[in-house]
Amino acid sequence: MTQRKTLLWLQAGSCGGCTMAALEQGGAGLFAELHNLGLDLLWHPSVSEATGAEVLKIFADIETGAQKLDILCVEGSILRGPNGTGQFNRLSGTTRTLLDLTRALAQHAETCVAVGSCAAFGGIPAGDPNPTDSCGLHYDGADPGGVLGAAWRSRSGLPVVNVAGCAPHPGWIVETLGALAAGDLKSSDLDGFGRPLFFAGHLAHHGCSRNEFYEFKASARTLSERGCLMEHLGCKATQAIGDCNQRAWNGGGSCTHAGFACISCTSPGFEDARDTHVTPKIGGIPVGLPLDMPKAWFMTLAALSKSATPARVRQNAEADRILVNPKRQK
């Protein structure tokens with residue numbers, strides 16, 4: 001019989017959105033999913049009944065070795081301020097900081113998982129001017145380090161596994177935990193920022209419902225129009241990692257499906273973006289071009305595509321609904 005594994009979840013500088021995103025995962029919900037994966041949840045600050053001395057004992061038992069900890073999940077940025085003390089974020093009812101607690105428990109965990117871009121890179125709390133000196137577990141923005149240090153590795157030998165996103169897709173969270181529970185996640189399964197490749201090996205652009213408009217460079221010019229959002233409205237889906245448009249979010253939808261430009265929330269530094277619904281350009285050419293295509297190729301194909309755009313596609317791109325349906329050309 002496979003031995004069950006333990007999971008502890010901490011929330012640091014967090015809005016709680018990552019937990020909220022994950023709660024409805026699966027037909028029976030998140031906690032049934034975890035149980036079915038062979039994971040026993042020791043404690044979660046938002047949903048567990050245990051509190052006070054009961055929780056402090058769980059922490060103490062982990063630190064003394066009396067309680068094994070297979071997976072430590074941290075949601076939210078680690079607040080290092082003021083002046084490196086971590087006192088901006090203390091464990092309720094104690095004088096202990098989340099900075100100290102996270103560092104201590106991470107040393108005893110077989111694997112450490114950063115749930116969301118805040119825990120991975122600093123995220124929203126780390127936005128300029130970052131008054132709380134927030135950062136991620138293993139990264140400070142795009143720079144290795146964070147609160148654990150660039151050389152840190154868990155007891156299993158893995159770096160922090162970064163399930164980035166604001167919030168991450170619930171499937172990303174649970175599938176990562178499932179892979180760890182099965183012992184089926186290796187360093188080679190992570191990208192350069194520690195993100196699992198099963199979702200980080202894709203772009204948010206893949207599967208977008210607006211891809212016909214993208215292929216013909218038929219662009220929306222104002223919000224609510226059906227065309228591609230990249231050329232004028234700041235969409236970064238061709239540069240953002242994630243399979244967001246290939247799987248439904250708790251039943252349906254994605255950012256671009258709902259009419260909002262992708263802001264690349266799985267990437268470090270997304271929180272410092274300005275004018276998110278305006279595409280930065282130089283000489284009329286978007287600054288951010290697709291990751292997997294040389295600039296010269298893109299410019300050539302864009303010119304050819306626009307010259308071949310069907311009238312139907314051009315009309316629909318600048319409308320708030322489909323006006324002209326496809327039909328066979330005579």
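Nothing here was measured: the structure is a model prediction, and the numbers come from that model.
Between atom CZ of residue Phe88 and atom CG of residue Asn83 there is a gap of 8.0 Å, rounded to the nearest 0.5 Å.
Applying the side-chain hydrogen bond (donor to acceptor under 3.5 Å, both in side chains) test to Ser264 and every residue at least two apart in sequence or in another chain returns Ser267. By the side chain to side chain contact (heavy atoms under 4.5 Å, CB included) test, Asp189 pairs with Leu185, Lys186, sequence neighbours left out. Scored by the salt bridge (Lys or Arg N to Asp or Glu O under 4.0 Å) test, Glu215 finds no partners at all (sequence neighbours excluded). Under the side chain to side chain contact (heavy atoms under 4.5 Å, CB included) criterion, Ala104 pairs with Glu63, Arg96, not counting sequence neighbours. Residues that satisfy the side chain to side chain contact (heavy atoms under 4.5 Å, CB included) test with Pro144, not counting sequence neighbours, are Tyr139, Ala150. Scanning for side-chain hydrogen bond (donor to acceptor under 3.5 Å, both in side chains) contacts around Asn245 gives Ser254, Thr256, with sequence neighbours left out. Not a single side-chain hydrogen bond (donor to acceptor under 3.5 Å, both in side chains) links Thr176 to another residue, sequence neighbours left out. The side chain to side chain contact (heavy atoms under 4.5 Å, CB included) search around Pro131 returns Pro129, not counting sequence neighbours. In this structure Arg155 satisfies the salt bridge (Lys or Arg N to Asp or Glu O under 4.0 Å) test together with Glu110, sequence neighbours excluded. Taking the salt bridge (Lys or Arg N to Asp or Glu O under 4.0 Å) definition, one finds that Glu225 meets it with nothing, sequence neighbours left out.
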With side-chain contact (heavy atoms from CB on, under 4.5 Å) as the criterion, how do Leu190 and Val161 come out once you've worked through the C-alpha distance, each side chain's angles and the decisive distance to 0.1 Å? CA-CA 8 Å; Leu190 307 176; Val161 179; 4.1 Å; yes

Check step by step if ring-ring contact (aromatic ring centres under 6.0 Å, His included) holds for Tyr214 and His205. CA-CA 9 Å; Tyr214 170 81; His205 169 66; 4.3 Å; yes

CA sep, side-chain torsions, deciding dist, call: Arg226, Glu212, salt bridge (charged side-chain N to carboxylate O under 4.0 Å, His left out): CA-CA 10 Å; Arg226 286 292 306 146; Glu212 181 182 40; over 6 Å; no

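Closest heavy-atom contact between Lys217 and Ser305: CG-CB, 4.1 Å. In plain terms, the two heavy atoms of Ile78 and Ala12 that are nearest each other are CD1-CB, 3.8 Å. Nearest approach of Ser156 to Ser154, heavy atoms of both residues: OG-OG, 2.9 Å. A pairwise comparison of heavy atoms in Phe213 and Gly227 identifies CG-CA, 3.7 Å as the closest pair. When all heavy atoms of Ala218 and Thr309 are compared, the closest pair comes out as CB-CG2, 4.3 Å.
The other members of the hydrophobic cluster of Ile263, by chain and number, are Ile124, Phe270 (side-chain heavy atoms under 4.5 Å, ILVMFWY only).
Under the side chain to side chain contact (heavy atoms under 4.5 Å, CB included) test applied with Leu7, the options Leu177, Leu42, Asp40 reduce to a single match, Leu177.
With hydrogens and angles left out, the side-chain atoms of His108 and Lys68 include no donor and acceptor closer than 3.5 Å.
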Solution key, residues 55-62 side-chain donor-acceptor pairs under 3.5 Å, sequence neighbours excluded:
unit_1 : atom_1 : unit_2 : atom_2 : d
Lys57  : NZ     : Asp61  : OD2    : 2.7

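Cluster membership check: Leu98 does not share its hydrophobic cluster with Phe121, using side-chain heavy-atom separations under 4.5 Å among Ile, Leu, Val, Met, Phe, Trp and Tyr. If you chain together hydrophobic residues whose side chains sit under 4.5 Å apart, Ile173 and Trp249 never meet in one group. Linking ILVMFWY side-chain heavy atoms closer than 4.5 Å, directly or via other members, places Leu37 and Leu41 in a single hydrophobic cluster.
A salt bridge does not link Lys5 with Asp70: every distance from a Lys NZ or Arg NE/NH1/NH2 to an Asp or Glu carboxylate oxygen is 4.0 Å or more. Residues Arg221 and Glu318 are paired through a salt bridge, judged by an N-O separation under 4.0 Å between the basic side chain and the carboxylate.
Residue Phe31 places its CZ atom among more than 12 non-hydrogen atoms of other residues, nucleotides or ligands, all under 6.0 Å distant.
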